[in-house]
Trainee: 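Handing you this structure, nothing more for now.
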Amino acid sequence: MAAIAVESIEREEQLVAFHLADEVYAIDIAAIHEIIRLQEITQVPRTQDDIEGIINLRGKIVPIVNLRRRLGLCDVERTPKTRVIVVDIQECTVGLEVDSVIGVLRLPEANIEKPTQIVGAVDADYVRGVGKSDGLLVILLNIQSMLHIGDAQQP
Amino acid sequence: MNEDMSQFLSVFLQEASEQMVLLEQDILKLEQEASQELLQEIFRAAHTLKGSSRAMGFTTMGELTHAMEDVFDSLRHGQLAVIPALIDALFGGLDALKVMLEQVASTGTTALDTVQLTGQLRAVLTAATAPAPPEAVGAVAPTPVQQKANSGAQPAGSTAAPSMAPGRSAVVLTDAEHSAYQDALVAGYSIYSLMIEVVPDCVMKSVRAAMVLQALEQVGSVLGTYPDEEGLESEHFETTFEVVVATLKPSAELTRAAHTVNEIKSVIAEPWYTHDAGEPGSATAPAADVVNLQTIAVGNPTKDTAESRPALAAGSNRPDNAATSAEATEAKPPASPAASKTETRTASQPQTVRVDVARLDSLLNLIGELVIDRTRIAQLSSQLEGQFGLNPVVEHLNDTSAHVARITDQLQDEIMKARMLPIENVFSRFPRMVRDLAQKMGKEINFIVEGKETELDRSVIEVVGDPLIHMLRNSVDHGIEMPDEREQSGKSRVGNVWLSARHQENHIVIEVKDDGKGIDPDQLRASAVKKGLMSKEAAARLSDKEAINLIFASGFSTAAVISDVSGRGVGMDIVKNNIQKLGAIIDVESTVGKGSTFTVKLPLTLAIIRGLLVTVQGNVYALPLGAVVETLRIEQDAVKNIQRQPNVVLRGKTLPLVQISDLFPLRQSSYGSTRLSDGAGGQAVVHRRTEDAQARHTEAEASDGAASALYVVVVGAANRQVGLIVDTLVGEQEVVIKTLGKFIGEIPGLSGATILGDGRMGLIVDVAGIITMAVQKKGTAYAA
């Protein structure tokens, strides 16, 4: 038991933490392509509500997902702090709109717990763990289960 | 297969399929006229195919091609007459080859049983060449290249089938082989000469020889043979042939490997040396060396060198032969420099470079972005001009921007041309298809192809094949009558089907025409009623042209008997759908008793389109110009509701109107998704373009003059027209089509997105899709 605990302490996860509706969320840094300011979004009709639209990222068309809406949180006004986290999933580049980005977070694996049934208001399928950092609760999102390729159209 | 060979597999696959296409075309031509020139070409293609499939170790393919090659050889020498049974047997062989090639492509190996086919071909051959013993044919016939090489020099045939004294090596190495030999020596390989004797009554000596070579490849690398590879293939030896092998293993291994092949009587292995100095081949090889390969004849020191074998030296000059062996040697441990392969190839190939399609696509993408920036620069410079007037700096900028624009246009043109392929790529498979169909149905058809050199973008080439297949099948099946029927109606027994392609302005026009019975509009009306597609009254109201267009309706087949040719009545429906997807237009004209003409008007490319830009609720949409019929400005009160749907009467016809905003509703989110709150995107605000300013101005004007004018874009697809109500018209622009990406997937009514000159995005409308959506929406009331 003790030996395992020691090993886990040594391992840590590198995450990018961000704010959404007064809570702190984080995703694996490896999946992140870049973080950009919000730019003009072109709405695409007949897509699901949480698809904000598309942006022109240096000549590449990148869809933007409103993470608040995807997680079932209520909308807020955009602010100068609003950011888009651009992630790569399964050969697709997708932007995630978040309230603001906090920064890189190193979290020892020992501080990460498996998600309980209900994590705040968020669908448990999207959460892969809950971590503690400086007394702050960090919800680790599983972007793979959160973003499915090709399910962006309106049903 | 040797593992090192796998790197040549893709080259082999590509070349083999090219040779097969060539063979197919040529065999078809053969049916028309058997010219010597054509036969030579066929023979060469078959020979290359045989050589390369053997080199790759696909012996079944090699054997089958060999059988076919023998038939061609006999044809070439007038020992065989071209009869349908022969053509069928050849096509049978070709089809089997295609299957094998597909197997090789997917599994890396092929296991098709070709014994029957080979037997069939052999039977054709023996039956026809019975008077002359088949062996004599192979032995006396010089191969085409030998003929060419020896024109003006000694005849090659004179040294045919030489008998060899065992123990006296006669192998001559080409440059490439020689350098492989030297590399092998340096690498510490032992070189052996193997005298291999086949049993006297061996039926297929060439196959045995090929198998021996293959077996030897397992233990070493074959440097050269006597007779050379071609000589072995055409059985230019009595019972003994010689192979020079480089190996790291003892000679017993070689003998054992050779003995694994059946019908091998004896194998004698001896160490083999060559003069390092390398005697110049020019002294011995005939002047015919102009075939441009310098041959260095290197002989065994224990015997006289090449004097006695001039023909052989020339024979080994065969470009593809040399290339094949160079390739083969290259794959082995004592690799000869890649350069030797290139050298031997250059002369026989045109000055072209094969480029990966992905690379061309990415080039086109880059140019697409350049086009966007070009537009942007032009806009900026006109903005500057507006702001600062015409000062020298602005003038320079204007000039430069104009120049950049010109260059970009040229660049785009060039790259588009580089992506162009002649439509022959699609057309080439049709003659065979039409022939087979006609034969199956007992019809006599003369198939005429015109304009196959017409070039179009590969994006179009890839998708245009399927609809054309259905159209041709339709013409053969439903268009052309049975021969007797034709005779009765005073036509010649042989029906004509034309397939033509030509450029017309910015389009490619493809026509499928037949002189068959034509389409009877009354029959179609009756059929539509019978099938319950429409009421009798509705059918009667259709004009003849509209009635003829019924053949594009799904579930419609007028042939009394459903044949396996044009199938279950889905054919023309598929045609219509596929063609619409391409943004193309299909039209049909027909006269009863005279025939029908189907015309397809295709865009030159699917990557860049000219679009009419419009705005709706702040979003910019691009409507492909090919589908835009006209633009209108109509008064609000001209809109009449018919069955609760807005319509406008235009030149006596009612045109249904559709609000784009109804089909493409946008969210009215709390923070208007296209407009940003202050501070969030300062840059984006700068990007606002003048047109947008104008647009807002017009919007304001429109709302001021309450219920004044509507902008309507009339679009048409598949003989249906709809007026789209838009907020503003922006203008015409060339747009580069980009997909919305896998994440968003396909949105009905949209075919992609594009980046506009100001960096903003526009959505490209799929006109056929949006019309379908509009029709489906029927019954739903629009707020007019």
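In what follows, chains are A, B, ... by sequence order, proteins preceding strands, each numbered from 1.
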Trainee: First locate atom CZ of B:Phe664, then atom OG1 of A:Thr47, and finally report the distance between them rounded to the nearest 0.5 Å.
Mentor: 11.5 Å
Trainee: For A:Phe18, what residues pass the ring pair (Phe, Tyr, Trp, His ring centres under 6.0 Å) criterion, not counting sequence neighbours?
Mentor: none
Trainee: Taking C-beta and beyond as the side chain, do B:Met761 and A:Ile61 meet within less than 4.5 Å on heavy atoms?
Mentor: yes
Trainee: Roughly how far, to the nearest 0.5 Å, is the NZ atom of B:Lys742 from the CD atom of A:Gln90?
Mentor: 7.5 Å
Trainee: Need one label for A:Val65: side chain, backbone, both or neither, based on atoms under 4.5 Å from any heavy atom in chain B.
Mentor: side chain
Trainee: State, yes or no, whether a side-chain contact exists between B:Leu750 and A:Pro45 at a heavy-atom distance under 4.5 Å.
Mentor: yes
Trainee: To the closest 0.5 Å, what do you measure between NZ (A:Lys60) and CD1 (B:Ile755)?
Mentor: 11.5 Å
Trainee: With rounding to the nearest 0.5 angstrom, report the CZ to CD1 distance, B:Phe743 to A:Ile89.
Mentor: 5.5 Å
Trainee: Measuring from atom OG1 of A:Thr42 to atom CG of B:Leu756, what distance do you get when rounded to the nearest 0.5 angstrom?
Mentor: 8.0 Å
Trainee: Under the side-chain contact (heavy atoms from CB on, under 4.5 Å) test against A:Val44, which residue among B:Ile747, B:Leu666, B:Asn619 passes?
Mentor: B:Ile747
Trainee: Please identify each residue that fulfils side-chain hydrogen bond (donor to acceptor under 3.5 Å, both in side chains) with A:Lys81, with sequence neighbours left out.
Mentor: none
Trainee: Rounded at 0.5 Å granularity, tell me how far CD1 in A:Ile41 sits from CZ in B:Arg760.
Mentor: 13.5 Å
Trainee: For the pair A:Ile54 and B:Leu763, evaluate side-chain contact (heavy atoms from CB on, under 4.5 Å) and give the outcome as yes or no after the intermediate values.
Mentor: CA-CA 10 Å; A:Ile54 48 178; B:Leu763 298 170; 3.9 Å; yes
